[in-house]
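Structure record follows, encoded as structure tokens.
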Amino acid sequence: MAEAPFPYEQEGFCPASLEEVAIELAMRITLSEVELIERGPWRGWIASLGSLEIHGSPRRAILLHAHGAGAGRETGFHQQFGVACAREGMAWLAFDFGYLVQMRREGKRRPPPRLPGLIDEMAQWCEALAPSLAALGGVPLLVGGKSMGSRVASHLMQALAGPMPERCLECSPIGWYALGYPFHPTGKPEKLRIAHLPDIDMPGLICQGTRDPFGTQEDVQGYALPERVTLHWLQDGEHDFKPRRSSGETQQRLIASAAHVLAHHPALG
């Protein structure tokens, strides 16, 4: 098995197989909340795929999570969200796209590749993890992410609704979610990224800060979104859910609110 590269090795990522992922998920179902906290996150480096981090337990659902454009699952936002998901009885499986792995290894910022490549990469994770998830006996799978990652997940759901290569037919997410959906680029509200949403036949849940520059509450209320998309507004939150001090809210509470709502995603019944 391939060794984890720098800086992943410093974060505790060890060479792992997909079989070990299945064993870890199955074991986590048996642990209490206290035992899960004591165990902490599982971090494995999987050959040909890359980094995978697991928080929580797949009692209620599994979230396959993709990061935003500029930073990965190592950020404080993502780590807080992983812990919040664990408290809600969900397993949070976060991976890093290949370009971000390269960016972190080289210590140089680089833009993400074009959308089709990212969609394909997330589909590869779905395909690779399918046997591990199937071994759990039908735990529901949601795909989503932060900002760009949620956009990728939504396009994957669109692709799964139509003709797809045979290898993707094993993917069976029942819904998608977004933490800060990038409805448009900042400062360019005319360039909307919602034309594909009506093509998704599974429910989606978007947790959005009311002050998010990629789509404020005032902006989004004017969009014709499909009924299958549910919006959960986080009061005074920015793109990373940080509120102003005067609001009386905290980023931690808003992240916990998003995780709680996701635990009651429309697709979960």
Side-chain angles (χ1 to χ4, degrees), residues 41 49-56 61-86 88 90-101 103-104 111-129 133 140-160 171 173-185 193-194 196-197 200 202-209 212 214-215 229-232 234 237-241 254-255 258-259 261-263 265 267:
L49 287 169
S51 61
L52 183 70
E53 180 167 334
I54 301 175
H55 286 248
I62 291 172
L63 310 182
L64 180 61
H65 185 93
H67 56 77
R73 40 94 237 140
E74 79 284 355
T75 64
F77 175 94
H78 285 94
Q79 293 299 306
Q80 287 185 63
F81 182 68
V83 171
C85 287
E88 295 291 342
M90 299 184 293
W92 181 70
L93 278 63
F95 69 93
D96 285 349
F97 286 113
Y99 83 92
L100 188 89
V101 173
M103 185 174 83
R104 297 192 71 211
R114 296 179 65 85
L115 195 58
L118 297 173
I119 298 168
D120 186 66
E121 198 169 338
M122 195 168 195
Q124 288 177 39
W125 274 104
C126 276
E127 178 200 10
L129 291 170
L133 306 188
L141 170 66
L142 302 173
V143 294
K146 176 76 178 82
S147 192
M148 180 197 76
S150 69
R151 186 181 174 208
V152 174
S154 69
H155 279 279
L156 176 60
M157 292 297 289
Q158 178 198 25
L160 291 174
C171 307
I174 64 170
W176 66 282
Y177 68 92
L179 306 180
Y181 186 79
F183 285 97
H184 56 72
R193 296 161 169 163
I194 61 174
H196 67 293
L197 297 184
I200 303 173
M202 298 292 186
L205 174 61
I206 297 175
C207 298
Q208 194 85 353
D212 192 325
F214 291 87
V229 174
T230 300
L231 283 163
H232 175 67
L234 299 166
E238 249 265 10
H239 192 52
D240 59 359
F241 298 174
L254 294 183
I255 290 173
V261 170
L262 272 171
H265 191 290

Return the CG to CG distance between L254 and D240, rounded to the nearest 0.5 Å. 10.0 Å
Any idea which heavy atoms bring P173 and M157 closest together, and the distance? CG-SD, 3.6 Å
Flag side-chain contact, heavy atom, 4.5 Å: L179 against S147: no
Roughly how far apart are C126 SG and L64 CG, rounded to 0.5 Å? 5.0 Å
If you define the side chain from C-beta out and look only at heavy atoms, does anything of L115 sit under 4.5 Å from H155? yes
Before you tell me yes or no, could you show the steps for Q208 and L234 under side-chain contact (heavy atoms from CB on, under 4.5 Å), namely the whole-Å CA-CA distance, both residues' side-chain angles and the distance that decides it to 0.1 Å? CA-CA 6 Å; Q208 194 85 353; L234 299 166; over 6 Å; no
Does any part of the side chain of I206, heavy atoms only, come nearer than 4.5 Å to the side chain of F183, both counted from C-beta? yes
Considering all heavy atoms, the nearest L142-A267 contact: CD2-CB, 4.2 Å
Counting N and O atoms only, with roles assigned by atom type, does the side chain of Q80 sit under 3.5 Å from a partner on the main chain of I255, one being a donor and the other an acceptor? no
Rounded at 0.5 Å granularity, tell me how far OH in Y99 sits from CD in E121. 9.5 Å
Would M122 and V143 satisfy side-chain contact (heavy atoms from CB on, under 4.5 Å), going step by step from the backbone distance to the final call? CA-CA 9 Å; M122 195 168 195; V143 294; 4.0 Å; yes
Please report whether the ring centroid of F81 lies less than 6.0 Å from that of H55. no
Nearest non-hydrogen partners of H196 and Q158, listed with the distance: CB-NE2, 3.4 Å
One pair to check against side-chain contact (heavy atoms from CB on, under 4.5 Å): L141 and I174. What are the steps and the verdict? CA-CA 6 Å; L141 170 66; I174 64 170; over 6 Å; no
Under 3.5 Å, is there a donor-acceptor pair between the side chain of Y181 and the main chain of R193? yes
Counting the benzene-type ring for Trp, do H78 and H67 have ring centres under 6.0 Å apart? no
Could you give the distance from CE (M202) to OG (S154), rounded to the nearest 0.5 Å? 15.0 Å
Given L118 and M148, is the side-chain contact (heavy atoms from CB on, under 4.5 Å) satisfied, shown in steps? CA-CA 10 Å; L118 297 173; M148 180 197 76; 3.8 Å; yes
Going by heavy atoms in the side chains, are L129 and L52 under 4.5 Å from each other? yes
Any chance you could measure L156, atom CG, to S150, atom OG, to the nearest 0.5 Å? 12.5 Å
Side-chain donor or acceptor of E53 paired with backbone N/O of F95 under 3.5 Å: no
Closest heavy-atom contact between F241 and A258? CE1-CB, 4.0 Å
For L49 and A128 the tightest heavy-atom approach is CD1-CB, 3.5 Å
Atom pair CG (L93) and CZ (R73), whose distance is rounded to the nearest 0.5 Å: 12.5 Å
Note: D96 and G72 closest approach over all heavy atoms is OD1-CA, 3.8 Å
Evaluate the side-chain proximity of L160 to W176: yes if any heavy-atom separation is below 4.5 Å, no if none is. no
